[in-house]
Amino acid sequence: MHYPIAIEVGDEQHAYGVVVPDLPGCFSAGDTFDEAIANAREAIEGHLESLSEHGDPIPPSSTLPVRFWPEIGTHGMRIQ
């Protein structure tokens, strides 16, 4: 299953921030774009594992297009 993520672009003073809209409370960050993606994947895996261990339902993923919003420096993409 692929979950869409939203990435707030970082700079020299701020990390890239990542949220997973379909998984409330699931977020991550990284010093580089690639690190943010890798950390988001780990956060999703851990979040889903925790839901499963507690017997909570696994939310379905929504369908969001991949986009870049240059005016606010945010990316949206889907990762598994």
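When reading the values below, keep in mind they use all heavy atoms of this one structure, side chains included, and skip hydrogens, waters and symmetry mates.
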Y16 side chain to I37 backbone, donor-acceptor under 3.5 Å: no
H47 side chain vs A43 backbone, donor-acceptor pair below 3.5 Å: no
Taking only residues two or more places apart in sequence, or in another chain, which ones meet [X] in a side chain to side chain contact (heavy atoms under 4.5 Å, CB included)?
| X | result |
| --- | --- |
| A15 | A29, D31 |
| V19 | A6, F27 |
| D34 | T32 |

Answer yes or no: is there a side-chain heavy-atom contact under 4.5 Å between [X] and [Y]?
| X | Y | result |
| --- | --- | --- |
| V20 | P4 | no |
| C26 | I44 | yes |
| N39 | V18 | no |

Working for side-chain contact (heavy atoms from CB on, under 4.5 Å), residues Y3 and L48: CA-CA 11 Å; Y3 285 95; L48 295 175; 3.8 Å; yes
Side-chain donor-acceptor pair present, S61, D22, cut-off under 3.5 Å: no
Considering all heavy atoms, the nearest G30-E35 contact: CA-OE2, 3.4 Å
Exercise: identify the closest heavy-atom pair between I58 and S52: CD1-N, 4.2 Å
Reported NE2-to-CD distance for the pair H54 and E49, which is rounded to 0.5 angstrom: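 Going from the NE2 atom of H54 to the CD atom of E49 covers 10.5 Å.
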Under the side-chain hydrogen bond (donor to acceptor under 3.5 Å, both in side chains) test, residues paired with D11 that sit two or more places apart: H14
